**Q** 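If you scroll down you'll find the structure; I have some questions about it.
Here is the naming used below: chain letters follow the sequence lines, and residue numbers restart at 1 for every chain. In this text, all values refer to a predicted model and were calculated from it rather than measured experimentally.
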Amino acid sequence: MPELPEVETIVRGLRPLIEGRRIARVELAWPRVLDPRGQASEGIAGEQIAEVRRLGKFVVARFASGSHAAIHLRMTGRLIVDAKTPLPHTRFVWRFADGGNLVFADARKFGRLRIFAGDPREEVQVGIDPFDKRLDADGLHALLRGRRSAIKVFLLDQRFVSGIGNIYACEALWRAGIRPSKRTGRLNKREARKLLAALRKVLTKAIDKRGSSVDDYVDAGGKQGGFQKQLAVYGRRGLPCRRCKARIRRIVLAQRGTFFCPVCQRSSGPANRSNRTT
DNA sequence: ATCAGCACCTGTTGGC
DNA sequence: TGCCAACAGGTGCTGA
């Protein structure tokens, strides 16, 4: 499932392939892919792609006219450039004036295309990027303060810090030695600093490996990522912790599988320490 | 305001 | 071996 490192890898792959190209028309193979909060897809026919960038987990294309398209891949979305044959699960296609194409294929139909004229930051409403230099330990600590949800749930909420999903939330908390169930507001300044450093470290390493291919993630060139081999806790229930050999446990927080080491991540959560390891 | 819980989806997995 | 219910999960929405 694409999170920040996967989307970053996709964007880096897309830039040299589609920047500068002109869209002749848009085909909606599955019309509900178009986010109804945005504009009609016909509006970008004739547009030239000026720039592609990442905003949280969104792939954002800016057109020469100044309007934008934001694509969210959700769980299984893929963007493939210049597909030679029709791809299974195709939801929309941008036909370029030069005869090429950009195909969005998405088995589970969760991904969306949104077209809009305004400022992308205001349109997609994502919080600060983990790599934004304006975010420091004090700033993160201020965001944490007063919140009662589990820290893992906070990390998944895109309105605060953007781009982190289930895999990297688990991995960063393991690196920081913080239990996923710990109440957000209970993290002290030192833990906030460790968490921010852990987030940046794990996201950087994952980008270096071109992301994690856990489900069916592939980059713009159709290649898999390599970071899944280095995951410390995600998907490793019952396997030995890479640091202390204790068995990795799995709990459910906010309906999502959550993996942690009961020894390395001791910092107490809300009094109940007896979460089931299903 | 904040948060928990469900709906959206379908390919894959696990249990019988 | 084969069938089918349960599961996976990011986000938007609803209701408490």
**Q** Could you state the atom-to-atom distance from CD of Q158(A) to C1' of dG9(C) in whole Å?
**A** 13 Å
**Q** Would you classify R148(A) as touching base, sugar-phosphate or nothing, given that sugar-phosphate means primed atoms plus P, OP1 and OP2, and contacts are heavy atoms under 4.0 Å?
**A** sugar-phosphate
**Q** Would you indicate what Q255(A) reaches in the nucleic acid, counting non-hydrogen atoms under 4.0 angstrom: base, sugar-phosphate, or nothing?
**A** base
**Q** Given dG11(B), dG9(C), dG12(C), which nucleotide is nearest the side-chain atoms of A107(A)?
**A** dG11(B)
**Q** Look at E191(A) together with K182(A) and state whether they make a salt bridge at an N to O cut-off of under 4.0 Å.
**A** yes
**Q** Below 4.0 angstrom, N of the basic side chain to O of the carboxylate: do D129(A) and R54(A) qualify?
**A** yes
**Q** Rounded to whole angstrom units, what separation is found between the NE2 atom of H89(A) and the P atom of dG11(B)?
**A** 5 Å
**Q** Taking the nucleotide of DNA chain C with the nearest heavy atom to each, does F259(A) or D35(A) sit closer to the 5' end?
**A** F259(A)
**Q** Would you say H72(A) reaches dT11(C)'s phosphate, i.e. side-chain N/O to OP1/OP2 under 4.0 Å?
**A** yes
**Q** Whole Å only: how far is the CZ atom of R159(A) from the C1' atom of dC3(B)?
**A** 9 Å
**Q** Can you tell me how far P of dC3(B) sits from CG of L253(A), to the nearest Å?
**A** 14 Å
**Q** Of all the nucleotides listed (dT11(C), dC3(B), dG9(C)), which has the minimum atom distance to the side chain of R108(A)?
**A** dG9(C)
**Q** Is the closest basic N to carboxylate O distance between R22(A) and E47(A) below 4.0 Å?
**A** no
**Q** Taking the six-membered ring for Trp, does F110(A) stack with dT11(C) (centroid gap under 5.5 Å, planes within less than 30°)?
**A** no
**Q** Measure from the side-chain heavy atoms of K109(A) and tell me the nearest of dC3(B), dT10(B), dA8(C).
**A** dT10(B)
**Q** From CG of D106(A) over to P of dT10(B), roughly how many Å is that when rounded to an integer?
**A** 10 Å
**Q** Should Y234(A) be listed as having a side-chain N or O under 4.0 Å from OP1 or OP2 of dA8(C)?
**A** no
**Q** Tell me whether I10(A) is reachable from F104(A) by hopping between hydrophobic residues (I, L, V, M, F, W, Y) whose side-chain heavy atoms are closer than 4.5 Å.
**A** yes
**Q** Are any of the side-chain nitrogens in D132(A) or R134(A) under 4.0 Å away from the carboxylate oxygens of its partner?
**A** yes
**Q** Under 6.0 Å from the six-membered ring centre of W94(A) and within 45° of its axis: does the NZ or CZ of R21(A) meet both?
**A** no
**Q** Between R91(A) and A150(A), who's closer to the 5' end of DNA chain B by nearest nucleotide?
**A** A150(A)
**Q** Just to be sure I understand the rule, does R37(A) reach a base, reach only the sugar-phosphate, or reach nothing, if contact means heavy atoms closer than 4.0 Å?
**A** sugar-phosphate
**Q** Send over the distance from Q125(A) CD to dG10(C) C1', rounded to a whole Å.
**A** 17 Å
**Q** For the pair made of CD in E3(A) and C1' in dT11(C), what is the distance, rounded to whole Å?
**A** 13 Å
**Q** Of all the choices, dT2(B), dT11(C), dG9(C), which nucleotide is nearest to the side chain of R250(A) once you look at every atom?
**A** dG9(C)
**Q** Can you check whether R256(A) has a side-chain N or O nearer than 4.0 Å to OP1 or OP2 of dC7(C)?
**A** no
**Q** Looking at dC3(B), dT11(C), dA8(C), which one has an atom nearest to any side-chain atom of R147(A)?
**A** dC3(B)
**Q** Over how many whole Å does the gap from L34(A) atom CG to dC8(B) atom P extend?
**A** 19 Å
